[in-house]
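Please read the structure below before turning to the comments.
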Amino acid sequence: MSEKFSGGQSPIDFDHRYQGPLYNEDHRAWRTTLRKFIEAEIMPHVNEWDEAGEFPRGLYRKAAAVGLIGIGYPAEYGGTPVNDPMYSIVTAEEMARIGAGGINASLMVHGIGLPPVLAIGSDAMKARIAPQVLAGEKIHALAITEPSGGSDVANIRTRAVRRGDHYVVNGSKMFITAGVRADYYTVAVRTGGEGAGGISLLLLERDMKGFTRTPLKKQGWWASDTAALYFDDVEVPAENLIGAENQGFIGIMRNFNGERIGMAAGANAYARVCFEDALAWARERKTFGKRLADHQVIRHKFAEMARKIFATQAWLEQCVVRVKAGETPVADLSLLKVQATLTMEYCAREAMQIMGGAGYMRGCRVERIYREVRVNAIGGGSEEIMRDLAARQLGI
Ligand SMILES: Cc1cc2nc3c(=O)[nH]c(=O)nc-3n(C[C@H](O)[C@H](O)[C@H](O)COP(=O)(O)OP(=O)(O)OC[C@H]3O[C@@H](n4cnc5c(N)ncnc54)[C@H](O)[C@@H]3O)c2cc1C
């Protein structure tokens, strides 16, 4: 093993390993463009931004200029339409290389905020909102989770009551990404009776009277702005209703499958980053007269990490094939997300263990990723909820 792994491109080089038939020249070109952008505009500042708990707002415009914000969105609003999940996988993989998920979460927050508007919003609303968001001029958040709970989406309590030509909104939202500095918020509100059939989506705008926000501190994702939102008799024009009244749940559901495939790709890519950083360390570090990588116990840790990463990647690609064929494999996508976050968790643990004290120090990708495991396992559908959904889909 030691000979094969000394210098040059290792057989485990993930970028070269995963260049199978699903990847074409356009995907490769997109990866190259994105990697250059990230190396130049993000990598030199990651530690500083993570410690500061924010990144400059100007990064949205820069990301839009390189095509990152607009990829996958309609050309009429300034996007680059690509009907192919491989682009979101390549994007998730490259963003994971930053090793600070908070930058990705806030920078790409429009990926959860904007789709419901595009899916069920009026043409006038799309034309007003989407071009500014895709140009990186405005930030668009999604606010569903409430202090009373996030998993049980159908049970939200924030209420909107129609009065003439506007709605009056009262309630609060919790753990909202880009919550302090967003300009637009796709907000789930209750306009009807209990359950999913009583939920609508409203577009709230940051300067509306009675709408306030407070920042929240958290274990990881430091560079992401996470906030609690408060609505105190906020008057929202009726034309800000996204889709039909009491049909908002459909708009929320539209997000789920795409978000899960992206999150699974991201989590597995974070696992890869952990593997790579630990391997670089283990090839250099010597203990008891030989490199860490030459101790069998350590070698087996890498083999085990690789086993989980390869399996997750193979399943991810199988899901992509099915999605491209027009299927919506809900059970597989739900369980894939669980598989990916467990792989990330395992690899973050093993990588930090291999790196010893150095891996525990701030400023190191593995240390940050370790802190970000749980948010991946909880957000975008928690492991428990994903398993339950899959079990039901599988008829169990
Ligand atoms: C950093 C961060 C950013 C976020 N950004 C956003 C955002 O932008 N917009 C947004 O709307 N939300 C956001 N969230 C919220 C996230 O979606 C929720 O945290 C998530 O949906 C879980 O909801 P909860 O935290 O209220 O936990 P709960 O729903 O209270 O669940 C608590 C625990 O119980 C488990 N559980 C719940 N019900 C069951 C059940 N029936 N069976 C078994 N186990 C169950 C859950 O899996 C979880 O482990 C964010 C969260 C974090 C931490």
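Counting starts at 1 for both ligands and their atoms, following the listed order.
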Can any side-chain N or O of Glu317 pair as donor or acceptor with the backbone N or O of Leu22 at less than 3.5 Å?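 Here the side-chain-to-backbone pair does not exist.
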Donor-acceptor pair, Arg392 side chain versus Gly395 backbone, under 3.5 Å?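 No, the answer is negative, given that no donor and acceptor are paired below the 3.5 Å cut-off.
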How far is [atom] from its nearest protein heavy atom, and which residue and atom is that?
{"atom": "atom 8 (O) of ligand 1", "result": "Thr177 N, 3.0 Å"}
{"atom": "atom 51 (C) of ligand 1", "result": "Phe175 CB, 3.5 Å"}
{"atom": "atom 16 (C) of ligand 1", "result": "Thr145 OG1, 3.7 Å"}
{"atom": "atom 1 (C) of ligand 1", "result": "Val375 CG2, 3.5 Å"}
{"atom": "atom 48 (C) of ligand 1", "result": "Glu384 OE1, 4.2 Å"}
{"atom": "atom 41 (N) of ligand 1", "result": "Ile385 CD1, 4.3 Å"}
{"atom": "atom 27 (O) of ligand 1", "result": "Ser151 OG, 4.1 Å"}
{"atom": "atom 46 (C) of ligand 1", "result": "Ser382 OG, 3.6 Å"}

Closest to atom 24 (P) of ligand 1 (judged by heavy-atom distance), picking from Gly150, Ala377, Ala227: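 It is Gly150 whose heavy atom sits nearest to atom 24 (P) of ligand 1.
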Take atom 34 (O) of ligand 1 and look for protein heavy atoms under 4.0 Å from it; say yes if you find one, no if not.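 Protein heavy atoms within 4.0 Å of atom 34 (O) of ligand 1 - there are none.
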Numbering as shown, the atoms of ligand 1 that approach [X] to under 4.0 Å (heavy-atom distance):
{"X": "Ile176", "answer": "7 (C), 8 (O), 9 (N), 10 (C), 11 (O)"}
{"X": "Ile112", "answer": "8 (O)"}
{"X": "Gly149", "answer": "26 (O)"}

Give the ring-plane orientation class for Phe231 versus Phe211, where under 30° counts as parallel, over 60° as perpendicular and anything between as tilted.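 Answer is tilted, since the angle falls between 30° and 60°.
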For a 4.5 angstrom cut-off between non-hydrogen side-chain atoms, does Asp84 reach His27?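 With C-beta onward as the side chain, the pair touches.
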Decide, yes or no, whether a salt bridge links Glu39 with Arg97 under the criterion of side-chain N to carboxylate O below 4.0 Å.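 Judged by the 4.0 Å cut-off on N to carboxylate O distance, Glu39 and Arg97 do form a salt bridge.
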Salt-bridge test for Glu235 and Arg163: reply yes if a basic N is under 4.0 Å from a carboxylate O, no otherwise.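 Salt bridge between Glu235 and Arg163, a charged N being under 4.0 Å from a carboxylate O: no.
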For Ala141 and ligand 1, answer yes if some heavy atom of the residue is under 4.0 Å from a ligand atom, otherwise no.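 Heavy atoms of Ala141 never come under 4.0 Å of ligand 1.
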Would you say that more than 12 heavy atoms from the other residues, nucleotides or ligands in this model lie under 6.0 Å from the CZ of Arg162, or not?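 Yes, enclosed.
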Side chain or backbone, does Ile144 bring an N or O within less than 3.5 Å of an N or O on ligand 1?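 Yes, since at least one N or O of Ile144 sits under 3.5 Å from an N or O of ligand 1.
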Please report whether ligand 1 has a polar contact with Leu142, defined as an N or O pair separated by less than 3.5 Å (distance criterion only).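 Between Leu142 and ligand 1 (N or O atoms, distance only) the closest approach is under 3.5 Å.
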Does the ring of Phe55 carry Arg181 above it, NZ/CZ under 6.0 angstrom from centre and within 45° of its axis?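 Arg181 over Phe55 ring: yes.
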Answer side chain, backbone, both or neither: which part of Ile378 comes under 4.0 Å from ligand 1, heavy atoms only.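 It is both backbone and side chain that touch ligand 1.
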Would a single hydrophobic cluster contain both Leu142 and Leu203, if residues Ile, Leu, Val, Met, Phe, Trp and Tyr are joined by side-chain heavy-atom contacts under 4.5 Å?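 Leu203 and Leu142: one cluster.
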What I want to check is whether the side chains of Arg368 and Asn47 have a donor and an acceptor closer together than 3.5 Å.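 There is such a pair between these side chains.
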Ring centre gap for Tyr73 and His110 strictly below 6.0 Å: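 Yes, the ring centres sit under 6.0 Å apart.
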